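As the structure is a prediction and not an experimental result, all values here were calculated from the model. The figures that follow rest on heavy atoms only: side chains count, while hydrogens, waters and symmetry mates do not.
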Amino acid sequence: MVLTMKKNYENISDLSEIMRDSNELIVDRIRHLNQLEERGINPYPYKFKEVIHSRFIHDNFAHFDEEQLLTVAGRVMLMRNMGNATFLNIRDQEGDIQVYLSKSNLGPEKYEQIKLFDIGDIIGFEGNVFRTKTGEITIKAQELSLLTKSIRPLPEKYHGIQDADLRQRHRSLDMIMNNDVRERFINRARAMSAIREFMNGLNFVEAETPILDTKYGGGEAKPFVTNVNAMDLEVFMNVSPELYLKRLMVGGIERVYTMGRSFRNEGIDRTHYPEFTLFECYMAYADYHDMMELMENLYEYVFLKVNGSTKIVYDGIEIEFKAPWKRATMCDLVKLDTGLDVLNMSKDEIVEAIASKELLINIKEQNLDIASMTKGDIIMELFDAYSASKLQQPTFVIDFPAESSPLCKLHRENADLIERFEPYANGVELGNAYSELNDPLRQRILLHEQASKLRAGLETASPMDEEFALAIDIGMPPAGGLGIGIDRMMMFLTNSYSIKDVIAFPLIKR
RNA sequence: GGGUGCGUAGCUCAGCUGGUAGAGCAAUUGACUCUUAAUCAAUGGGUCCGGGGUUCGAGCCCCCGCGCUCCCA
C-alpha cells in the first residue's frame, strides 16, 4: 500500500478519507498532537522503561523510601487541573494510581506540555510516592513522557460504557472503562493455565485435533461447512475433538487432553455460542466414576487457584463447587420431580401417565409427538422439562438412557442405560462424560445408525467415520472420557450472566 | 422462529397531549499549587437508526426495514 503520511495531520478536513466518523473532539485531539510534534515531542515513541504496577505500589507503600524514584505508566482516566498543580489518575493492567504534577516540581516548560495531554493518552512518569493530606497514595512526578497520544475520546468518566452492543463492538473500551471486564479476561487466561497445570500434573498429554475435516462427529450438532480451495474439497469445522483423541489413545497415549475451539452451527442464547472452547480428556483404564472425581477436583483446583474460593454467588444463589459433588441418576431425578418411576415403567405406561397427569403440563406444551419417541428419549424430555432447572448445586446426573449416545458403554448393571453423566450447576449443563465405548462391533453398529439417521434427514446426526471405526477395531483400552464447556465454567468463575460476557470478541452484525 | 422493550450530542440519559432539540460528563476559553465524579464562569457541539406514510406541522402516531436487550421455542 502506498500511503504518504504527512508529519502533521494539518489538513483536518481530509479526515473523512481515512476515518468513518470524525468529530470535533477528534479534531481537537489531532490539533494537540500536531502541537506536540511542533515542539519536537514524538507522540508515538518506541519504548519506555520497565514500570512498577499500581497494585504493587498500593500494597507496598510502607516499604518505599520517600526519595526513591519509581517509574509508572498508564492511560489517563481523570485529570483535575488546578492551574499550577494537576492531579491525574492513570490506569495500568492492575488498577489505578494517582499522579501529582506541579509546576514547581516539573518546571514551567514540562508543565505546559500537560495542556496538550488528553484523557485517554498513555503517559509514563518518574516520581516519588507519598500520601496526600486526604491519604491517597500518589506519585509526585519529577519527569513525564507521552507514550501514546489518543485521538478518540473515552466514554463518560462516571457511567463509562453501558450499551451492550457498544461494549461488545468496542471491547477495548469496555476493558478500559470497566476494570472487572479486563480482570475477567485475565482470569479466563489464568483458569486455562490452571487447567493445564492440573492435567499435566496427572501426566496427561496435551494434544491438538483438526478444525477442518471431511467429516464430523463426537457431538450431536449441525456443523459449519466451508471449502479447502487447494484440494477443491468441501470440509466441516469440528463439532468435537472426541474421535481424534480416541485415535490418539489407540496410538498409545494413555492420558490425553485438548482444549480448543469447537463449532456448532446452532442457536445463540445465554449459554450457547456457535464457537466455544471445549476441554476434553481421555484416561485409559478409568471409567465414568473416575471422570466424576477428575471433574470435581479440576473445578475445585481452578476455582481455588483463580478465585481463592470454591464458593460463588451466582444469579443470587450461593453455589459451592468444593468436591465431592452430588451424584444422582437421571431416572431417580425424574421420579423425584414428576412422580413417575420411569426406570421401572414401560414406554406405554409412561406415555399414558403423561397424558393422564394434569401436573405434567410443561411437557405437553412442547407439542412433542411422545407416542413416536423411544422410552429413553421421553425420559430425557422429562428430565429437561422438570429436573434440569432444579439442579442448583453442582450435581452429576448419571446413567442416561442407552439411546442417548453412540459413543458410550452400556451400563454394567442395566442394558437400558449407558454409563454417561452430565454435570449441572444453576440448571446449566457443564459437560458430558462416558465410560467410553471400545467394543468395535457395537461401535460400528451405532455409527452406521447415526449415518442412516443423517441420510434420513436428521441434521444433527454424524456421518460414518471409517478411519475412527478402524482405530477402534485395532483396540482402544478401556477408558473414561470427559468434556467440559470452558465458557460456561468461565461464566461461573467470573460471575457472568451471559456467555458473550466471557467471549472477548463475539460476533457483531455490520 | 415467536413475543417484549429499546435506538436522541463522543458517552450516560431526559424529552409531557404532535408545535423551533435538553441535561450531566467530555470538549473549547478563562480562574485556581492537596484534588479525587475537583470547583467556578463562559462557549461550541445533533442524519433524533434508515425508508415510507398520516398531518398545516413528527424525536413522539402508523407501516416496512436494520441493529441491540430480555423472555420463549
Side-chain angles (χ1 to χ4, degrees), chain A residues 12 15-16 19-33 35 54 58 75-91 95-108 110-112 114-121 127-141 150-170 172-174 176-179 222 265-272 315 361-369 381 384-385 389 427 497-501 506-510:
Chain A
I12 290 168
L15 275 179
S16 63
M19 198 176 275
R20 189 174 59 179
D21 60 338
S22 64
N23 60 48
E24 63 164 11
L25 301 178
I26 290 175
V27 170
D28 282 340
R29 283 159 176 261
I30 295 174
R31 195 172 288 129
H32 288 164
L33 186 150
Q35 289 171 28
S54 56
H58 286 293
R75 190 181 300 277
V76 177
M77 299 305 293
L78 293 169
M79 214 183 312
R80 294 178 292 281
N81 183 296
M82 293 169 299
N84 294 317
T86 298
F87 286 93
L88 299 178
N89 291 67
I90 63 167
R91 177 164 295 175
D96 294 3
I97 190 156
Q98 179 168 263
V99 179
Y100 174 69
L101 305 166
S102 73
K103 195 183 244 179
S104 53
N105 265 315
L106 288 167
K110 266 182 210 150
Y111 190 77
E112 285 305 301
I114 66 173
K115 286 187 179 168
L116 301 175
F117 291 169
D118 292 292
I119 289 174
D121 291 354
N128 44 303
V129 64
F130 74 110
R131 264 189 209 277
T132 63
K133 69 182 183 189
T134 54
E136 175 142 357
I137 292 167
T138 302
I139 301 292
K140 184 183 287 179
S150 168
I151 62 164
R152 194 175 283 270
L154 292 182
E156 200 253 356
K157 66 184 174 189
Y158 187 62
H159 299 93
I161 182 168
Q162 300 288 339
D163 183 83
D165 181 34
L166 285 184
R167 290 179 56 182
Q168 291 171 14
R169 195 175 291 271
H170 304 299
S172 309
L173 284 177
D174 191 23
I176 291 167
M177 301 310 293
N178 300 309
N179 288 324
K222 275 198 257 180
N265 205 347
E266 294 174 349
I268 298 177
D269 63 26
R270 189 171 82 76
T271 56
H272 293 85
D315 202 13
I361 194 124
N362 291 10
I363 196 142
K364 287 180 209 158
E365 278 176 349
Q366 292 176 33
N367 290 320
L368 298 168
D369 184 7
E381 290 292 345
D384 285 344
S389 64
Y497 183 72
S498 165
I499 196 167
K500 283 188 185 179
D501 293 335
L507 276 172
I508 300 291
K509 280 195 186 176
R510 289 169 187 251

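The gap from the P atom of B/rG67 to that of B/rG24 amounts to 35 Å, rounded to the nearest Å. Nucleotides B/rG18 and B/rA31 are separated by 49 Å at their P atoms, to the nearest Å. The C1' atoms of B/rC48 and B/rG59 are separated by 5 Å, rounded to the nearest whole Å. For the P atom pair drawn from B/rC49 and B/rU8, the interatomic distance equals 6 Å after rounding to whole Å.
A/E381 has its CD atom 11 Å from the P atom of B/rA73, to the nearest Å. Atom pair A/M177:CE and B/rC11:C1' shows a separation of 8 Å (rounding to whole Å applied). In this structure, CG of A/L507 is placed 14 Å from C1' of B/rG67, rounded to the nearest angstrom.
When both pairing distances are held under 3.5 Å, B/rU39 makes a Watson-Crick or G-U pair with B/rA31. Partner assigned to B/rG57 is none, using Watson-Crick or G-U wobble distances below 3.5 angstrom. Both distances falling under 3.5 Å, in either a Watson-Crick or a G-U wobble arrangement, place B/rC6 opposite B/rG67. Nucleotide B/rG22 is matched to B/rC13 when pairs are restricted to Watson-Crick or G-U wobble geometry with both distances under 3.5 angstrom.
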Nucleotides 24-29 of chain B: protein proximity per nucleotide (B base, S sugar-phosphate only, - neither; heavy atom, under 4.0 Å)
BBSSS-
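A/R91 places no side-chain N or O within donor-acceptor distance of the main-chain N or O of A/G95, the cut-off being under 3.5 Å. Between the side chain of A/Q168 and the backbone N or O of A/I508 there is no donor-acceptor pair closer than 3.5 Å.
Contact annotation for A/F130: base contact, defined as any heavy-atom pair under 4.0 Å involving a base atom.
For A/R152, the salt bridge (Lys or Arg N to Asp or Glu O under 4.0 Å) partners are A/D21, not counting sequence neighbours. Partners of A/D384 according to the side chain to side chain donor-acceptor pair (under 3.5 Å) rule, which considers only residues two or more places apart in sequence or in another chain, do not exist here. Judged as a side chain to side chain contact (heavy atoms under 4.5 Å, CB included), and not counting sequence neighbours, the contacts of A/D28 are A/R31. Residues passing the salt bridge (Lys or Arg N to Asp or Glu O under 4.0 Å) test with A/D165 are A/R169, sequence neighbours excluded. For A/K110, the side chain to side chain contact (heavy atoms under 4.5 Å, CB included) criterion is met by A/L106, A/Q113, A/E143, A/L144, not counting sequence neighbours. With sequence neighbours excluded, the residues satisfying side chain to side chain contact (heavy atoms under 4.5 Å, CB included) with A/D118 are A/R29, A/H32, A/D121, A/K149. Taking A/N81 as the reference, A/T86, A/Y111, A/I114 meet the side chain to side chain contact (heavy atoms under 4.5 Å, CB included) condition, with sequence neighbours excluded.
Minimum atom distance to the side chain of A/F87 is reached by B/rC34, of the listed B/rU33, B/rC34, B/rA38. Of all nucleotides listed (B/rU69, B/rC68, B/rC34), B/rU69 comes nearest to the side chain of A/K500. Nearest nucleotide to the A/M82 side chain, out of B/rU69, B/rC68, B/rU33: B/rU33. Closest to the A/Q162 side chain, of the nucleotides B/rU33, B/rU12, B/rC71, is B/rU12.
Between the side chain of A/Q98 and the base of B/rU35 there is at least one donor-acceptor pair of N/O atoms closer than 3.5 Å. Evaluation of atom-type donor-acceptor distances gives a pair under 3.5 Å for the side chain of A/N81 against the base of B/rC32.
Residue order along RNA chain B, read from the 5' end via each residue's closest nucleotide, puts A/G160 first among A/A85 and A/G160. Between A/I161 and A/N84, the one whose closest nucleotide on RNA chain B sits nearer the 5' end is A/I161.
Side chain to side chain, A/S102 and A/N105 meet the donor-acceptor criterion of an N or O pair below 3.5 Å.
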Between the protein and nucleotides 5-9 of chain B, list the N/O to N/O atom pairs that are separated by less than 3.5 angstrom.
none

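For B/rA38, neither phosphate oxygen OP1 nor OP2 lies less than 4.0 angstrom from any side-chain nitrogen or oxygen of A/Y100. Distances shorter than 4.0 Å separate some side-chain N or O of A/R80 from OP1 or OP2 on B/rA38.
Around the OH atom of A/Y158, the shell of radius 6.0 Å holds no more than 12 heavy atoms that belong to other residues, nucleotides or ligands.
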